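What follows is a set of notes on a single structure, which appears directly below.
What you see below is based on every heavy atom in this structure, not just the backbone, and it leaves out hydrogens, waters and symmetry mates. Predicted model only: the values in this text are computed from it and were never measured.
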Amino acid sequence: MEKRPEGKEPPILDAFRYEGNGRYEHVLKNMYVYFWRWATWKVFDAHPADRHGVVCLITPSGWATGPGGRGMRDYLRRTCDEGWVINLSPEGQRPEIATRVFPGVAQPLAIYIFVRKAGMERGPGHRAHIHYRAVTGSRADKFRQIKLIRLDDDGWRDTHTQRVRPLTPATESGWEDFPELNDLLPWGSLGITSNRSWVSAPSAETLRRRWARLIRESDPTQKAELFKETRDRKLTDRRQPLSSTVSPTLPLAEETRTTPYLVRVALRSFDRQYLIADNRVLDYPRPDLWASRQDGQLFLNQQSSHEISSGPAVVATHLIPDTHHFNGRGGRIMPLLHPDGTPNTPTGLLAYLAQALDRTNVSPYDLAVYTLAVAGHSGFTERFTEELLTPGVRLPLTRVGDLWERAVALGRELVWASTFGERCADPATGHPAEDIGFAPGDVRQVKYVTHIGNALPARIHYEPESETLHVGDGTFSPVPEAVWTYDVGGMEVVKKWFGYRKASPNSKKTSPLDDIHVESWPQEWTGELIELLSVLRRLTDLAPVQADLLSEILAGPTVTENDLKNAGVLPVRPAARKARLRATGGLFHDSEAGGDGGE
């Protein structure tokens, strides 16, 4: 850290920073955070002889739960004596307009009141007593509830007391006893962050056309606009290729090759798209994540920055995920394997589980599929809705061998479906490789009843009575309503999938290149939609089994966080949070590139 000149006061915003949290603290640049810091500085810090008072603000609530607000929460707990939080948006991000306190504000909001009292003694372990409540319903309902709230009524609940924990209620469900998934799979990543939309698309041909348009542009100004230059990527930059990719190191300004190297990625949950796998066009490609792509790799993902109230709490993919893969709002990618092929688990965890379960061994794949069986369904999220107000999944690990075996078997079927047959295939049990469709004659088989035609459809809708999905002029049936409404953290999967492929795509436009889209409906998209519907049918059919299994696990003995601490498995060593790399490259596999520009 650069040494500050002697006698110079640090920037007042530094009070909201937390050691080791720098990667998340870009959120402190939000204007509302500046208001928070000015108000708290003025009341609590600016006048050493008179540091008591009240700060009350209505602001976005992301800082109160997300990782970027750890320093703010720590500051308020250490500085104040008491606080009250009134959650105005328990519905989450972009709630229905009728529920918003301010109709034009889509961000979750809360009322915050923090008090520092005069004459109080505050030792090193001092923590403010913070109370929490939420108001629900329509805008009018919320106003009525707020009018009746008193600071000393019995509608408040205590929040967590630890320094940086979110300002959400502590619960009595046993949740805090379960180990954090972030500790069971300690090395994680934010996922690919391209910061430009044109580099990904559901059509490989679209990306070839975009790339050719960029490379053939001769005017430097126009080329920079097409490319969308940023602080981290410019046309004149030289970059090393991603792990074993074939992208040249010369600057894009000098590039003449008109065929890009394409790789299939997981753009959103259950949405496989193509990406230009070129380090020159991806602002934050996460090289360690690319290096971890290998046969047998599996990526689990959870929403670690925002609360969720519906859908699975964990999803899985075999493809390298985008930073917004989970539900379009960030997440935390947890690879099963390090780039060197070793398990991404803390030292001693698998051996401890094997002993606790009286098994010869527990493999890393067993842990991954168990995780999906237990937490990868809406029943988990519904049971722990209040606990998931604090982002981050905790995993109940059963000590009962039979329940473990059932969860592992169920999890393998879920992973097979979630990866479109690329992982956990077993033809002997009816799970063939790369084929998750239903056999002819199976009543669950999705039929392509009437054709979409060549024109790109503009809309999609669903008829629950006939279980028919309409895509333009095309129809698909049977599609149960649970498949149509299947969501991940509020992101409805089928609608989201179609949104990238309709006549006027919903994807964000960052360059004129984004206007290059397919001109007719590709036949392969029809097959991919049937595959998607089949995957979601399998997952929704298995969800009740998952819910019953979760109830049995919670009713029996589990491995607690304290158990793992006493065994020396936790806390996780800092080195375990970093990727373990091979001494040589060669980890990039063309098998998932689909031959689209690869060599």
Would one find more than 12 heavy atoms of other residues, nucleotides or ligands at under 6.0 Å from atom [atom1] of [X]?
{"X": "Gln162", "atom1": "CD", "answer": "yes"}
{"X": "Lys234", "atom1": "NZ", "answer": "yes"}
{"X": "Phe35", "atom1": "CZ", "answer": "no"}
{"X": "Met31", "atom1": "CE", "answer": "no"}

**Q.** Pairwise distance CG(Asn506) to NZ(Lys495) - rounded to 0.5 angstrom
**A.** 11.5 Å
Q: Look up atom OG in Ser269 and atom NE2 in His324, then write down how far apart they are to the nearest 0.5 Å.
A: 13.0 Å
Q: Using a 4.5 Å cut-off on heavy atoms from C-beta on, say whether the side chain of Thr323 contacts that of Tyr284.
A: no
**Q.** Close side-chain approach of Pro186 and Pro346, heavy atoms under 4.5 Å
**A.** yes
Anything under 30° is parallel, anything over 60° is perpendicular, the rest tilted; go ahead and classify [X] against [Y].
{"X": "Tyr112", "Y": "Phe114", "answer": "parallel"}
{"X": "Tyr75", "Y": "Phe16", "answer": "perpendicular"}
{"X": "Phe380", "Y": "Trp175", "answer": "tilted"}

Q | Polar side-chain atom of Gln302 near backbone of Val393 as donor-acceptor pair, under 3.5 Å | A | yes
Q) Is it true that a side-chain atom of Arg157 and a backbone atom of Thr168 form a donor plus acceptor pair closer than 3.5 Å? A) no
Q: Identify the residue among Leu349, Leu300, Val572, Leu395 that makes a side-chain contact (heavy atoms from CB on, under 4.5 Å) with Leu185.
A: Leu300
**Q.** salt bridge (charged side-chain N to carboxylate O under 4.0 Å, His left out) partner of Asp45, the single match among Arg116, Arg51, Arg78
**A.** Arg51
Q.
Please enumerate all residues that pass side chain to side chain donor-acceptor pair (under 3.5 Å) together with Asp183, with sequence neighbours excluded.
A. Arg577
Q: Establish, yes or no, whether the cationic atom of Arg70 lies under 6.0 Å from the six-membered ring centre of Tyr18 and within 45° of the ring axis.
A: no
